[in-house]
Every structure is written in C-alpha cells, then in structure tokens.
Engineer: 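Have a look at this one.
Atom set for the values below is all heavy atoms of this structure, side chains included, hydrogens, waters and symmetry mates excluded. All of these numbers come straight from a predicted model, not from anything done at the bench. Residue numbers run from 1 in the order of the sequence given.
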Amino acid sequence: MAMAAARKVIVYGGKGALGTKCVELFKSKNWWVASIDFTSNEDASANILVKTSESFTEQAEQVTAEVDRLLGEQKVDVIICVAGGWAGGSAKAKSLYKNADLMWKQSMWTSTISSHLATKYLKDGGLLTLTGASAALGGTPGMVGYGMAKAAVHQLCRSLAGENSGLPSGSSTLAILPVTLDTPMNRKSMPNADFSSWTPLEFVAETFYKWTDKATRPASGSLIQLKTTGNKTELIPAQL
C-alpha cells in the first residue's frame, strides 16, 4: 500500500524518457511515486505493470484494478500521463492503419485510463496532466495517425476541465504540447538537428512539479505549448 504521510504522484509512462525524469524529480522531493508502464522503474516507490493487449477495455480494467489494489482508499495529489510515441505517414501510406492504431493506443488509451483514475483516486484540488503535441493544433498531413491521436488528447483535456466531467472538486487538468523533446531516441534518429530548439526533459518535469502548487497553475483545460529557442523554453497557452 502507499505510504500514508508522503505526497503522492502516479506517473503513467514512468519508464519512458520523460517519465523517468518525472519519477527521479518527484522522488528527490520525497514524494511517493507509482509508475505505470510495461516495464518496472526501479526508482519508483511502486510499479504497476501494464499487460499488452489488443483490447482497450481489457487493458484499462487491468490497470484500474491494479491501482485499486495498490491504493485502496488512499488518494494521490497528482497524476502525470507522459506515455506516448511517434509514427509518421500520410493517408496514402501502407503503414497508415498500423500507425494510426499504435498512436491511438499510446496516446488515447493511456490518457483515457489516466482520466478515469483521476475520477477515482485524485484528491480534491489535485492535478492531472496529459501530453498532447503542438503540431496537432493544425493539420499533420505527413503524420496522420499521430495528429489525430494528439488532437483527441487536446479535446479530452478541455472536456475534463468542464462542469460534470467527473473529476474531483477544485482539481485541474492541463496538457503540455511539446514540439520536440530532447530524448535519447530523438537524438539518435535526428543526429543533425538543432538541439537548442528541443525542450529538455528536466524542464518539463520541473514544470509539472511547479504546477503541484495550485497557485502556479494555468487555468484548468489549458493546452500549454512548450516553445524552445536557443536553449530557452517558454510556456505559451494555445489560443483556440
């Protein structure tokens, strides 16, 4: 069971590049941290291992049941969903069906599960963060599946901020919209890119931590673009 005294956070995607940074940072602040992912994060206080499934309802019910067993009647202060991935391809691509399916699983399955977990286990006044994409504010003809999935995350974020969304009283839902995150995988796949325009993972994790203070949060439902230029990152609310 979770420790009763410490502040608590669930990191969905806690073994990925950004998720690992989030686990590290919150642990360094003496938080109890649960990681949800396909593999364990040894730095986390607790791990929930997701079982691979072609059924959304099956995977969602498995994760929800595992969280219930872990937390019982306890609540968490924050739920951070940083699970996701990228795949390209136009509507003509042979990989369209496969990649669209993968993007939906990686972004929308995880975001939907995180949202439901927030209705059950987030404290009043708590924080839920989702991960969208700056590119999905417009058309994404060269990465159709990715754009559709991330645009759906944006819609979900705005819906959760509305009345009768099911989230706890006074809670906030925010989505980050990166352009490119400075991950080892991105550096490997784009070795000649301008890294000074990529957003450091530490900055994102620190932003989440700052938002745990309700006074520092943007309005619930905000889509916050992460714009990095010359190694300096700005948080810019999307104007829809």
Side-chain angles (χ1 to χ4, degrees), residues 1-2 8-20 22-23 32-76 78-87 89 95-122 126-133 136 143-160 165-168 171 173-176 183 185 208:
M1 297 292 286
K8 304 177 188 68
V9 57
I10 294 173
V11 181
Y12 206 128
K15 188 57 175 175
L18 178 53
T20 295
C22 293
V23 171
W32 180 92
V33 183
S35 169
I36 302 176
D37 213 321
F38 291 103
T39 54
S40 294
N41 184 323
E42 293 181 356
D43 293 328
S45 311
N47 282 277
I48 291 169
L49 298 183
V50 181
K51 295 179 182 177
T52 302
S53 175
E54 290 302 312
S55 164
F56 170 63
T57 54
E58 186 177 273
Q59 188 173 97
E61 288 168 0
Q62 179 250 321
V63 172
T64 304
E66 295 280 355
V67 173
D68 186 63
R69 276 192 286 271
L70 178 65
L71 293 177
E73 296 298 316
Q74 298 186 76
K75 304 285 186 179
V76 300
V78 181
I79 297 176
I80 294 171
C81 182
V82 286
W86 182 88
S95 60
L96 172 67
Y97 299 158
K98 179 183 73 173
N99 286 348
D101 179 58
L102 177 64
M103 293 298 91
W104 197 257
K105 287 174 179 173
Q106 291 184 338
S107 287
M108 273 311 294
W109 283 23
T110 56
S111 296
T112 305
I113 295 168
S114 296
S115 301
H116 186 64
L117 292 177
T119 68
K120 295 167 67 72
Y121 304 108
L122 193 63
L127 172 66
L128 168 66
T129 72
L130 305 176
T131 303
M143 44 184 183
V144 171
Y146 178 82
M148 288 192 296
K150 290 299 187 180
V153 173
H154 302 172
Q155 202 282 337
L156 175 60
C157 177
R158 298 179 74 196
S159 291
L160 293 172
S165 69
L167 263 65
S171 63
T173 304
L174 301 170
I176 58 163
T183 66
M185 183 69 74
F208 290 148

Engineer: Give a yes or no on whether the backbone of A133 and the side-chain of H154 come within a donor-acceptor separation of less than 3.5 Å.
Structural biologist: yes
Engineer: Can you tell if the side chain of K105 reaches within under 4.5 Å of the side chain of E54, non-hydrogen atoms only?
Structural biologist: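 A side-chain contact under 4.5 Å exists here.
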Engineer: Say you draw a straight line from CH2 of W32 to CD1 of I10; how long is it, rounded to the nearest 0.5 Å?
Structural biologist: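 Going from the CH2 atom of W32 to the CD1 atom of I10 covers 6.5 Å.
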Engineer: Does the side chain of L18 reach to within under 4.5 Å of the side chain of T183, using non-hydrogen atoms?
Structural biologist: no
Engineer: Are there over 12 heavy-atom neighbours, none belonging to Y97, within less than 6.0 Å of that residue's OH?
Structural biologist: no
Engineer: Hey, is the main chain of W104 close enough, under 3.5 Å, to the side chain of S107 for a donor-acceptor pair?
Structural biologist: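 No: the side chain of S107 does not pair with the backbone of W104.
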Engineer: Find the distance between CD1 (I80) and CZ (F208) and round it off to the nearest 0.5 Å.
Structural biologist: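 So the gap between those two atoms works out to 5.5 Å.
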Engineer: Give the C-alpha distance, both sets of side-chain angles, the deciding distance and a yes or no for side chain to side chain donor-acceptor pair (under 3.5 Å) between D68 and Y121.
Structural biologist: CA-CA 9 Å; D68 186 63; Y121 304 108; 3.0 Å; yes
Engineer: Among L128, L122, I36, find the residue that satisfies the side chain to side chain contact (heavy atoms under 4.5 Å, CB included) test when tested with L117.
Structural biologist: I36
Engineer: Any side-chain donor paired with an acceptor under 3.5 Å for S55 and T57?
Structural biologist: yes
Engineer: Is any NZ, NE, NH1 or NH2 atom of the basic residue among E58 and K51 found under 4.0 Å from an Asp or Glu carboxylate oxygen of the other?
Structural biologist: no
Engineer: Do you know which two heavy atoms are closest between A175 and C157, and how far apart they sit?
Structural biologist: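 That would be N-SG, 3.6 Å.
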Engineer: To the nearest 0.5 Å, tell me how far S114 OG sits from L130 CG.
Structural biologist: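 Rounded to the nearest 0.5 Å, the OG-CG separation comes to 6.5 Å.
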Engineer: Keeping K150 on the side-chain end and T131 on the backbone end, is there a donor-acceptor pair under 3.5 Å?
Structural biologist: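 Yes; at least one donor-acceptor contact below 3.5 Å.
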Engineer: For A87, does its backbone N or O pair with a side-chain atom of N99 as donor and acceptor, under 3.5 Å?
Structural biologist: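 No; judged by distance alone, with no hydrogens or angles, the pair does not exist.
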Engineer: Can you tell me how far apart OG1 (T64) and CD1 (I48) are? Round to the nearest 0.5 Å.
Structural biologist: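 Here the rounded value is 9.0 Å.
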Engineer: Could you state the interatomic distance from OH (Y12) to OG (S115), rounded to the nearest 0.5 Å?
Structural biologist: 11.0 Å
Engineer: Drop me the distance from F56's CZ to T110's OG1, to the nearest 0.5 angstrom.
Structural biologist: 9.0 Å
Engineer: Would you say N41's side chain and K15's backbone share a donor-acceptor pair under 3.5 angstrom?
Structural biologist: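 No; zero donor-acceptor contacts below 3.5 Å.
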Engineer: Report the C-alpha separation of M108 and L156 in whole Å, then their side-chain angles, then the decisive distance to 0.1 Å, and conclude whether the side chain to side chain contact (heavy atoms under 4.5 Å, CB included) test is met.
Structural biologist: CA-CA 9 Å; M108 273 311 294; L156 175 60; 4.2 Å; yes
Engineer: Any side-chain heavy atom of V9 within less than 4.5 Å of one from V76?
Structural biologist: no
Engineer: Between Q59 (side chain only) and W109 (backbone N and O only), is there a donor and an acceptor less than 3.5 Å apart?
Structural biologist: no
Engineer: Do other residues, nucleotides or ligands put more than 12 heavy atoms under 6.0 Å from K75 NZ?
Structural biologist: yes
Engineer: May I ask you to test the V144-M148 pair for a side-chain heavy-atom distance under 4.5 Å?
Structural biologist: yes
Engineer: Are the side chain of S171 and the backbone of L167 linked by a donor-acceptor contact shorter than 3.5 Å?
Structural biologist: no
